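None of the values given here were measured: they were computed from a predicted structure. Letters A, B, ... are given to chains in the order of the sequence lines, protein chains preceding strands, and every chain is numbered from 1.
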Amino acid sequence: MRRAVRRSAWAALAVVALLTLLSALPALAQDAAKEPAYRAFPLIGSRLAVWAVAQLHLNFAAFILGVPIFAVIIEAIGWRNGEAQYDWLSHELVKLTFAAFSTTALLGALLLFLFIGYYPKFWTYMTSIFFPTYGIYAALFFAETFTVYIWYYGWDWLSGPRKWIHVGLGVLSNLFGTAILLVANSWVTFMMSPAGIDDSGALKGSVWAAINNFTWMPINIHRLIANIVFGGTICAAYAAFRFLGATTDEERARYDWMGYIGNFVALSAFIVLPFAGYYLGREIYAFNQTMGITMMGGFMSWLWIIQAILIGVLFMGSNYYLWLGMERIPGSERYRRYVPMLIGILAFGFMVWATPRSMVITLDEARAMGGTHHPLLGFLGVMSAKNTAVNMMILTTFLSFVLYRRANRVSTKSWAPIGMAIQWAALGVAAAIVIFFGVYGYFVESLVRIGFSVYQVLAVLGAIFVVMAIDIPMFKGARSTGAIRWGTIAARSQYVLILLAVTFTWLMGLMGFARSGIRQHWHVYGVMRDNSVDAATPAIGYAANMITLVTIAFFLLVLFIFWLGGLGEKGRAEAHGHAAPVIAGGSGPMSGESRGGRNPLLK
Amino acid sequence: MNLLRSRFVQAVLVLVVAFVFFRFGIRPPAPWSVLTLYMSIVLLAVLIYVSSDSDSWREFMWPIRSTLVAPDKGLTRLVLLIVVPLLLGYYAYTQAAAKPQAPPELRAVHPAPPASLQFRGKEIQITGLDNPLRRDQAGFKKHVAAGAETYIRNCVYCHGDNLDGKGHFAYGFNPPPANFQDPGTIAMLQEAFLFWRIAKGGPGLPKESTPWNSVMPAWEDRLTEEQIWQVIMYLYDATGQQPRRWETAH
């Protein structure tokens with residue numbers, strides 16, 4: 001309790017510092033004319049300092065905004081089903097969020113110091129546009145902080161008949177958190193795609209026009225989904241960390257289950273993330289063709305190959321975890337024969353996605369190919385092939401999940417064979433549509449081809465909807481072939497969960513570099529030039545090193561928080577109202593739903 | 001037959017078959033960089049498959065573990081102790097030894113065009129620009145014919161009479177000239193992009209991704225604005241490609 005109070009005090013101090021700075025900004029703005037445009041951060045330079053702190057702040061912010069979204073859903077499930085394990089899990093997740101809260105606030109304040117101190121002219125300009133939003137941001141921050149405090153500390157107080165109030169607080173904190181995200185995104189996206197300003201860069205009318213710029217809504221959607229994925233992977237990594245250090249079967253079972261839920265959440269959101277990314281890419285093209293080409297075809301084009309490799313690892317890793325998890329489900333043996341097919345499609349999709357349009361070739365190879373583009377493999381380097389590959393990988397991952405979901409269940413419905421036939425047909429039709437438009441895309445002009453991606457996405461989402469609409473009633477009241485033996489999963493699966501978290505964090509850093517880097521030598525694209533010594537856009541190798549360092553720093557901080565989370569539990573679990581429940585699979589008694597291995601999240 | 005049932009042998013066989021396919025089944029040969037990428041993915045997939053259940057993983061690991069610890073495998077270990085370092089040494093030598101050609105490098109797919117350019121003192125907005133000659137429907141054939149003549153006089157030496165980047169001089173350049181027949185070149189670009197590239201050539205390429213390897217001259221000194229638009233019309237007409245249209249802003 002004392003530690004929590006100390007954490008709260010730190011967070012409150014950070015917010016007060018932030019507000020003090022915000023209130024001083026108009027005065028700072030007046031003095032800006034006398035100030036230099038830039039100051040140099042000692043040793044590493046201002047850009048690296050801002051880059052590192054901004055990326056760390058974003059990582060923590062993504063975590064504390066993403067986790068509460070599914071924590072409240074899990075709490076609501078536990079509340080409706082009356083199962084203690086869900087309430088425990090939700091509390092565990094909010095505990096992690098809570099621990100990361102003050103770090104996020106401190107990093108945010110540090111970032112602000114860096115902007116004001118080292119980029120004073122830039123910050124003055126941003127303030128001249130967005131000053132009205134500062135107050136809203138601070139108010140939202142206060143509102144979210146106190147809502148989360150009550151949500152966390154009021155867990156016991158608002159239990160029983162008052163549980164609905166508690167769940168309502170969780171929902172409210174998410175609404176505040178999302179609103180904070182929207183405000184902060186307006187600043188970032190304005191720098192990419194400024195709007196609502198005249199030729200001199202001054203605000204023309206309402207600040208709303210600057211907020212509602214070209215890339216604001218696509219980034220809102222993309223970040224919201226990515227935050228859920230990120231939160232899921234970090235929670236799963238936390239569970240893996242605890243699983244690997246567990247000393248009892250009960251503990252192992254509990255954290256195996258938690259890791260599964262974290263991965264399930266991450267995977268569910270991850271499946272739609274590429275669609276949101278594609279929408280963002282299109283809007284960048286629509287805003288400015290030069291910016292779009294710089295990003296996709298220009299000097300950043302190789303970044304997308306690295307991205308393809310990382311996403312390929314995420315897809316392979318997520319599926320691998322599901323297949324390893326099936327080992328602890330009696331009855332899953334009948335689905336093992338699908339694994340070679342699934343991995344074959346994933347590997348082929350991975351290859352297509354990672355095939356570069358402009359290959360790394362020697363002169364001899366170029367001559368043998370008859371040019372810079374391979375006459376056969378070159379076809380795999382364009383968007384038609386990439387979109388087809390990613391949609392097929394999403395369908396495959398979904399199929400893996402469906403097999404996992406029904407691993408220990410046998411439908412007792414008389415119409416089950418017809419239902420399954422329709423499910424297979426839906427998946428087959430979706431795959432056929434995806435491949436058809438992928439191939440047809442080579443025979444039409446670019447603008448039409450871009451439109452085909454919408455049909456591919458709709459086919460995949462449609463198949464997912466049809467399969468789940470049949471699956472849920474088909475397996476209601478299904479016969480169980482045995483309980484899931486939580487805690488008996490192979491230890492290597494836990495390293496996969498950690499790998500997924502690290503890969504996703506690294507990927508976020510890379511995409512952050514892409515989003516920021518396409519502005520090139522502009523603070524605010526086309527409006528305010530970057531005249532600092534760091535105006536050159538770094539090469540991808542340099543950026544990759546930087547992203548790696550920040551990722552390491554983030555995980556060191558996260559490890560510290562995980563360690564704190566474990567430390568706080570020692571000796572007080574029983575005294576607290578949230579003593580960890582026993583999950584089926586451990587040596588203790590089984591809980592109701594877990595006995596059949598059913599998971600209400602999957603109903 | 002028993003050997004083929006071994007998980008380890010199966011995994012090795014998949015890797016060998018995949019390598020043979022990628023190395024000899026793709027024509028013209030895939031570059032080594034791509035081959036390495038594909039083989040890494042196949043290796044990852046194979047390892048995931050053999051370790052996706054405990055029995056399979058144990059079976060896969062058994063020959064490896066046995067080779068490393070079984071008392072009767074001493075000779076095998078000795079052979080491996082000699083062969084593996086030699087192979088690694090040979091690999092290191094092939095990577096480090098000087099080769100009589102420039103090393104491979106990462107190249108950008110398309111350089112990013114500027115929003116506007118100066119053409120013989122006249123400012124031309126690139127963003128949103130369409131080929132003005134396409135408005136003259138009646139003169140379409142005339143413009144294409146004029147474009148063909150300009151192409152034959154100036155461009156054919158590098159880009160070839162089939163517009164496939166295999167002109168007389170093509171073999172002297174690294175990288176080779178652009179192949180317009182490839183659906184990944186002009187079909188992905190607006191005509192305004194081509195206008196910029198032809199007018200400004202290699203010297204006009206943007207600062208990022210420098211140094212650029214392009215010997216294309218800046219044709220604005222030799223061709224008129226109309227001739228450049230005509231040659232662009234010819235490129236699309238002769239290859240059967242459609243220029244990319246501008247997306248309408250929301």
Does any non-hydrogen side-chain atom of A:His374 lie less than 4.5 Å from one of B:Ile26? yes
Honestly, the part of A:Ile309 sitting under 4.5 Å from a heavy atom of chain B is side chain
In this structure, CG of B:Leu35 is separated from CG of A:Leu377 (nearest 0.5 Å) by 10.0 Å
Honestly, the part of A:Asn288 sitting under 4.5 Å from a heavy atom of chain B is neither
The reported gap from OH in A:Tyr285 to CH2 in B:Trp246 (rounded to nearest 0.5 angstrom) is 10.5 Å
Can A:Val448 and B:Gln242 be said to form a side chain to side chain contact (heavy atoms under 4.5 Å, CB included), step by step?
-> CA-CA 11 Å; A:Val448 178; B:Gln242 291 289 319; over 6 Å; no
- Task: Flag the pair B:Arg244 / A:Ile450 as yes when at least one side-chain heavy-atom distance between them is below 4.5 Å, and no otherwise.
- Result: yes
Evaluate the side-chain proximity of B:Ile126 to A:Thr290: yes if any heavy-atom separation is below 4.5 Å, no if none is.
no
Residues A:Ile361 and B:Pro31: closest non-hydrogen pair is CG2-CG, 3.3 Å
One option among A:Arg492, A:Met369, A:Glu365 has the most heavy-atom pairs under 4.5 Å with chain B, and it is A:Arg492
Test log, rule side chain to side chain contact (heavy atoms under 4.5 Å, CB included), inputs B:Asn179 and A:His373: CA-CA 8 Å; B:Asn179 170 6; A:His373 297 137; over 6 Å; no
Value for CG (A:Leu324) from CH2 (B:Trp57), rounded to nearest 0.5 Å, stands at 10.5 Å
Bottom line for A:Leu322: the part with an atom under 4.5 Å from chain B's heavy atoms is neither
Most heavy-atom pairs under 4.5 Å with chain B, out of A:Met383, A:Met316, A:Met326, belong to A:Met316
For residues 345-360 of chain A, the salt bridge (charged side-chain N to carboxylate O under 4.0 Å, His left out) pairs (sequence neighbours left out) are A:Arg357-B:Asp182
One should read off an interatomic distance between B:Ser52 OG and A:Arg336 CZ, to the nearest 0.5 angstrom, of 4.5 Å
Checked A:Pro340, A:Gly317, A:Ala366 vs chain B; the most non-hydrogen pairs under 4.5 Å come from A:Pro340
message = Between B:Tyr49 and A:Val339, is there a side-chain heavy-atom distance shorter than 4.5 Å?
response = yes
Taken to the nearest 0.5 Å, the spacing of B:Ile41 CD1 from A:Leu346 CG works out to 11.0 Å
With sequence neighbours left out, the residues meeting side chain to side chain donor-acceptor pair (under 3.5 Å) with A:Gln307 are none
Whatever's closer than 4.5 Å to a heavy atom in chain A on B:Thr185 counts as both
Output for pair (B:Met39 CE, A:Met351 CE), nearest 0.5 Å, gives 8.5 Å
